[in-house]
Amino acid sequence: MPELPEVEVITRGLRPHLKGKTIISIWHSGKHLRTPVPYEILRKKLRGEKIADVTRRAKYIQIALNSGSLFIVHLGMTGNMGIFPGSSRKTKHDHIELGLDDGKALRLNDVRRFGSVHFLSASDAQQKESTIFKTAGPEPFDDSFSADYLYKTASNRNITVKQFIMTSQVVVGIGNIYASESLFRARIRPTRKINSLTKKNWSDLIDNIRKVLKHAIECGGSTISDFLNANQESGYFQMNFKVYGKNGEKCSCCSSIIKKEVIGGRASFFCSNCQK
DNA sequence: CAAGTTACCTGACGGC
DNA sequence: TGCCGTCAGGTAACTT
C-alpha cells in the first residue's frame with residue numbers, strides 16, 4: 001500500500017497530533033506482524049515518555065521520544081496509522097495502540113500484517129547506521145541520488161530499470177505505483193535493462209521520480225482501495241495516474257493502448273509508443 | 001556476487 | 001450460495 005508519498009503524508013498528519021504529547025498506555029493485539037512485536041519492551045520503554053517529533057526515513061515512520069529513543073513503524077502493504085478518540089472502539093486488524101495524555105490514541109491497523117514495529121534505544125538510535133537502515137540507499141530528494149550515482153551503481157548489474165529503482169538498497173521509497181508512473185513520465189520503458197541507459201536517461205528518470213513523488217505528496221498520496229491519512233482522509237493522486245492500472249486504456253499522450261506486463265513478479269504498466 | 005523464487009497474511013473479485 | 005484461483009501499495013530470506 002504505502003510508498004514514500006503515503007508514508008510522508010501520514011507522518012506529516014501525525015506530527016501535530018503527537019508532538020509534545022505523553023504516552024500513557026500501550027496496547028497490543030497479541031498478533032505478530034512481519035516480525036514479532038516487542039511488546040514488553042514497548043510497555044517498559046514507551047509509557048511515560050514524551051514525543052519529541054515524528055519523521056520519515058525510507059518507508060518508515062519514526063516517532064522520536066524525548067529520551068532520544070525511537071519507536072519505528074513500517075506499514076507494509078496494508079498498514080495505516082491514525083489518531084482516534086481514546087474512547088472510540090478499536091476495529092478489526094488494529095494491532096498497536098498508544099494512549100496519549102490528551103485523551104486521544106494513536107492506532108496502527110494492518111490487515112495483512114506485513115508491517116513491522118521496532119524500538120531503538122537512545123544509543124542504538126544515535127548510531128547512524130542502525131540495523132534497520134544499514135543497507136538503505138539514499139532518499140530520492142538527496143543530492144547523492146544523482147545520475148552519476150545511478151550510472152555507477154548500475155554498471156555491474158543487469159536487471160530491468162523498473163526493478164532497479166524499486167530496490168531499496170539503490171534508492172528508498174519507490175514502490176510499484178510510482179515506479180511505473182515515473183518511468184512513463186521519463187519516457188523509459190520499464191523492461192529496459194539498466195546497462196542500456198545513458199546518463200541522460202538516468203538524469204531524466206531522477207527528475208521525474210522527484211516530480212511524481214512531490215506531486216503525489218501534495219495530493220495527499222494515492223488512495224486505491226483503502227489508503228487514508230492520519231485524519232482518515234483519502235488521497236487523490238490516483239486521479240493523476242497516467243499508466244498504473246490503466247492497461248487497455250488509451251495513452252493520454254499518444255492514444256496508443258497502455259500495456260501491462262509482469263516484471264519481477266509485479267504488474268507493470270507502460271505505453272510502448274511513448275516509452276522506449 | 002547477482003538474479004530469480006518463495007514466503008509471510010487477509011480480503012476482494014471473477015469464474016464455475 | 002460457495003468454493004477456488006488470482007491478485008493486491010512490501011521486503012527479506014531463500015535458492016540458483
Side-chain angles (χ1 to χ4, degrees), chain A residues 1-11 29-37 56-61 72-81 91-96 108-118 131-137 140 152-183 190-195 209 212-213 216-217 219-229 234-248 260-269:
Chain A
M1 158 202 275
E3 303 183 33
L4 184 148
E6 290 73 33
V7 178
E8 180 66 30
V9 165
I10 290 176
T11 300
S29 65
K31 291 198 172 165
H32 66 87
L33 302 179
R34 163 172 268 288
T35 55
V37 172
R56 177 192 62 75
R57 165 76 173 112
K59 292 176 187 165
Y60 291 85
I61 297 165
I72 298 178
V73 177
H74 192 287
L75 300 174
M77 289 276 261
T78 51
N80 205 353
M81 287 217 290
T91 58
K92 199 173 180 187
H93 307 301
D94 278 347
H95 293 297
I96 308 268
L108 168 66
N109 184 284
D110 187 355
V111 173
R112 292 176 70 184
R113 296 193 274 130
F114 286 175
S116 59
V117 302
H118 313 263
T131 51
I132 299 175
F133 303 115
K134 199 168 47 189
T135 60
K152 198 177 152 206
T153 307
S155 68
N156 48 3
R157 310 182 54 176
N158 202 21
I159 52 175
T160 66
V161 61
K162 176 166 182 269
Q163 290 174 292
F164 187 66
I165 61 170
M166 286 176 67
T167 302
S168 64
Q169 289 86 342
V170 173
V171 57
V172 298
I174 302 166
N176 206 33
I177 292 177
Y178 297 105
S180 277
E181 292 297 317
S182 303
L183 286 161
T191 50
R192 277 271 293 279
K193 291 294 182 71
I194 50 178
N195 63 8
I209 285 170
V212 165
L213 295 179
I217 291 167
C219 288
S222 299
T223 297
I224 290 183
S225 60
D226 54 7
F227 171 73
L228 298 173
N229 70 15
S234 299
Y236 53 94
F237 185 76
Q238 66 280 7
M239 309 297 291
N240 295 289
F241 288 174
K242 302 276 193 192
V243 288
Y244 185 83
K246 294 196 177 292
N247 47 312
K260 173 180 171 178
E261 196 169 314
V262 175
I263 303 171
R266 312 297 301 278
S268 311
F269 305 88

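In what follows, chains carry the letters A, B, and so on, assigned in the order in which the sequence lines appear, proteins first and then strands, with residues in each chain numbered from 1. Bear in mind the structure is a predicted one, so any value in this text is a computation, not a measurement.
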Candidate nucleotides C:dA8, B:dA7, B:dA3, ranked by approach to the side chain of A:Arg34 - the nearest: B:dA7

Proximal nucleotide (of B:dC9, B:dG4, C:dT11) relative to the A:Arg112 side chain: B:dC9

Polar side-chain contact A:Arg113-B:dC9 base: donor and acceptor under 3.5 Å: no

B:dC1 phosphate, OP1 or OP2, under 4.0 Å from A:Arg157 side-chain N/O: no

Ring-on-base stacking C:dT11 with A:Phe114 (under 5.5 Å, under 30°): no

Whole-Å distance separating the CG atom of A:Leu4 from the P atom of C:dG9: 17 Å

Parallel, tilted or perpendicular, as decided by the 30° and 60° cut-offs, for the rings of A:His95 and A:His93: tilted

Touch class at under 4.0 angstrom, heavy-atom based, for A:Ile159 against every strand present: sugar-phosphate

Lys/Arg cation over aromatic A:Phe133: A:Arg57, 6.0 Å, 45° cone: yes

Exercise: do A:Asn109 and A:Lys92 side chains pair donor with acceptor under 3.5 Å: no

Out of B:dC8, B:dA2, C:dG10, whichever nucleotide has its closest atom nearest the side chain of A:His32: B:dC8

Touch class at under 4.0 angstrom, heavy-atom based, for A:Tyr244 against every strand present: sugar-phosphate

Sugar-phosphate, base or nothing in reach of A:Lys92, heavy atoms under 4.0 Å: sugar-phosphate

Under 3.5 Å donor-acceptor, A:Glu181 side chain and A:Val212 backbone: no

Sugar-phosphate, base or nothing in reach of A:Ser116, heavy atoms under 4.0 Å: nothing

Residue-phosphate contact under 4.0 Å: A:His93 side-chain N/O, B:dT10 OP1/OP2: no

Touch class at under 4.0 angstrom, heavy-atom based, for A:Asn158 against every strand present: sugar-phosphate

B:dC9 to C:dC3 separation - P atoms, rounded to the nearest Å: 23 Å

